[in-house]
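The structure under discussion appears below in the form of structure tokens.
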Amino acid sequence: MKQIKIIAIKEFKDYFISPIAYIVISLFLIVTGWFFFSTFFMYGRADLRDFFSLLPITFSFFIPAITMRLFSEEKNVGSYETLLTMPVSFTDIAVGKFLAATLFTATMLVPTLSYPIFISFVGQVDPGPVIGGYIGAIFLAGAYCAIGLFASSLTRNQIIAFIIGCAGCFTLTIMDRMLFFMPSKIIAIIEYIGANSHFMNISKGIIDSRDIIYFVSVIFVFIFSTYLVMHEKN
Amino acid sequence: MIEIKNLTKYYKDFCAVDNINLKVSKGEILGLLGPNGAGKTTTLRMLTGYFKPSAGSIKVDKFNLPENMIQIKSLIGYLPESAPLYHNMLVYDYLEYVAKIKGIGDREKRHDRFLKLSEICGLSSIMAKPISDLSKGLKQRVGIAHAMMTDPEILILDEPTSGLDPNQIAEIRDIIRTIGKEKTIVFSTHILSEAEATCDRIAIINKGRIVADDTTSNLKQSLEQDSIIKLSLQGASVEEAHTLLSNISSEIHIQHTEPSEKDMISFEIRGKNNKNIRSRIYLKIKETDWIICEFVKESQALEKVFQTLTKEVK
């Protein structure tokens, strides 16, 4: 437990030592801000529905950019060897890195809290969907970070890690919109695997154990896969 | 302290380390010597738990790999080849991170340890610098500080002096010798003089096999017997000198070589039991009116053992 905390804190601080953190956060705010506010006054609704409905797609590009360095950079520089020969287990490393990335994504969402505050000046905001939306966003971020972490563990090239991560996250995001291509028998399964519907449920303010279990399982599966890759590669 | 039995490592079909047996006792400095690609790094990586062995067993103190991986890792301080560190961190931050991970949680203890390490490794002036700004030698020192953080019983250093300038090499060797008084050290190198100067014992490894494993002095002694005598004479012809020298003993081998100066003739004499031979050569030449300009015994360095051993296997 202690080792996980030390690794997570170190990785989290690492983001802010280099300019990556500031660039990613600024870009994220510009992109989400633009998509949200460009249509906000046209609909005249005092809610964050549009912001949250776009989040899975923006996340599937931004999160792989955050996670791509986690393993790839270390393998490239060689510090991976230093890390593995210190008294830490594979699980400590994988979970520590995962927590750092998730925490960073949560930090990235903090400035967007100004949206509901701003909207509350123009109209009555229903707090349920907003709180649910943010809780869902954290779970979604966790799931995507786990995918990105796994992608990063596969290669020493950060660009390849980014592309694999994007592909994984994007597939989960758009899966339930591709249902008409699928045979009718497996539609229910595909719909369950897709991340979008689960996230939408939570962001409506309905916190259902099935959706929570879904996100927790995705996180578990990909952290475990990362662990297996680490085992296999040494 | 360390016991390696039948250690083998395959990379797909390629056998990098082939059935190695090694024992390192407490307080010993063992040099792992071998040409590039001989399997030194692979052996050390398995010893530190970074690679999984394909076969064989490793026992460190009373722990076995891989079951007691974490305990072994905390017993060993390891400096990987070319000291890979986190380039974006400051030296102090990096050492603090390492100290925390290695379980020095107490702030005061950490501080004391840093003072001690910066004294041993000469880090005090670079503590506040980013690692990416450091020269190779300084990075190497930070790497050694990393390895020594918890004052481990065993230090494993992979080519600690590669790529450094002669002054830095001397400094690093001093550090190794200082630590080596109390700790067990295993280090790899392909520089012979280095192994000769720092190690108690040398294991020569080639193509994944150990071809020699003995104390440094023993290895040298085994060569002593057939070392080379260089002789340069003035006032003699090659034929005359050759006949005279050949008459001394049938066990020696005489070879005419390029003289170092004009008007001289030079020979290389190889043979066993040198002391006797030298005095006999001297006495013989004394009888003539030739002048001895050079008369040296060239003590064969480890270089020769290394070359013979690593070539034979080829």
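Just so we're on the same page: letters track the sequence lines, and every chain starts at 1.
Taking CE from A:Met86 and OH from B:Tyr97, the interatomic distance works out to 4.5 Å, rounded to the nearest 0.5 Å. Taking CZ of B:Arg45 as the start and CG of A:Leu84 as the end, the distance is 10.5 Å to the nearest 0.5 Å. The CE atom of B:Met89 sits 5.0 Å away from atom NZ of A:Lys10, with the distance rounded to the nearest 0.5 Å. Between the CD atom in A:Glu81 and the OG1 atom in B:Thr41 there is a gap of 8.0 Å [rounded to 0.5 Å].
The environment of CZ in A:Phe224 is sparse: at most 12 heavy-atom neighbours from other residues, nucleotides or ligands sit within 6.0 Å. Residue B:Lys136 places its NZ atom among more than 12 non-hydrogen atoms of other residues, nucleotides or ligands, all under 6.0 Å distant. Applying the 6.0 Å contact sphere to CZ of A:Phe35 captures no more than 12 heavy atoms from other residues, nucleotides or ligands. Annotation: A:Arg49, atom CZ; neighbour count of heavy atoms from other residues, nucleotides and ligands within 6.0 Å does not exceed 12. Other residues, nucleotides and ligands place more than 12 heavy atoms under 6.0 Å from the CZ atom of A:Phe16.
Proximity to chain B (any heavy atom under 4.5 Å) is restricted, for A:Gln3, to the side chain, taken from C-beta onward. Contacts between B:Ile101 and chain A at a heavy-atom distance below 4.5 Å involve backbone atoms as well as side-chain atoms. Of the atoms belonging to B:Tyr94, it is side-chain heavy atoms, and not backbone ones, that fall under 4.5 Å from chain A. With a 4.5 Å cut-off on non-hydrogen atoms, A:Glu74 touches chain B through its side chain but not through its backbone. With a 4.5 angstrom heavy-atom cutoff, A:Ile17 touches chain B only via side-chain atoms. Contact annotation for A:Ser18: neither backbone nor side-chain heavy atoms come within less than 4.5 Å of a heavy atom of chain B.
Residues of residues 46-64 of chain B that come closer than 4.5 Å to chain A, counting heavy atoms only, are B:Thr48, B:Gly49, B:Tyr50, B:Phe51, B:Lys52, ordered by residue number. Heavy-atom neighbours of chain B within the stretch residues 92-103 of chain A, taken at a separation under 4.5 angstrom, are nonexistent. Using non-hydrogen atoms only and a strict 4.5 Å limit, the part of residues 72-80 of chain B facing chain A consists of B:Lys73, B:Ser74, B:Tyr78, B:Pro80. Within residues 132-163 of chain A, no residue has any heavy atom under 4.5 Å from a heavy atom of chain B.
Nearest heavy atoms, A:Ser89 versus B:Ile70: N-CD1, 3.7 Å.
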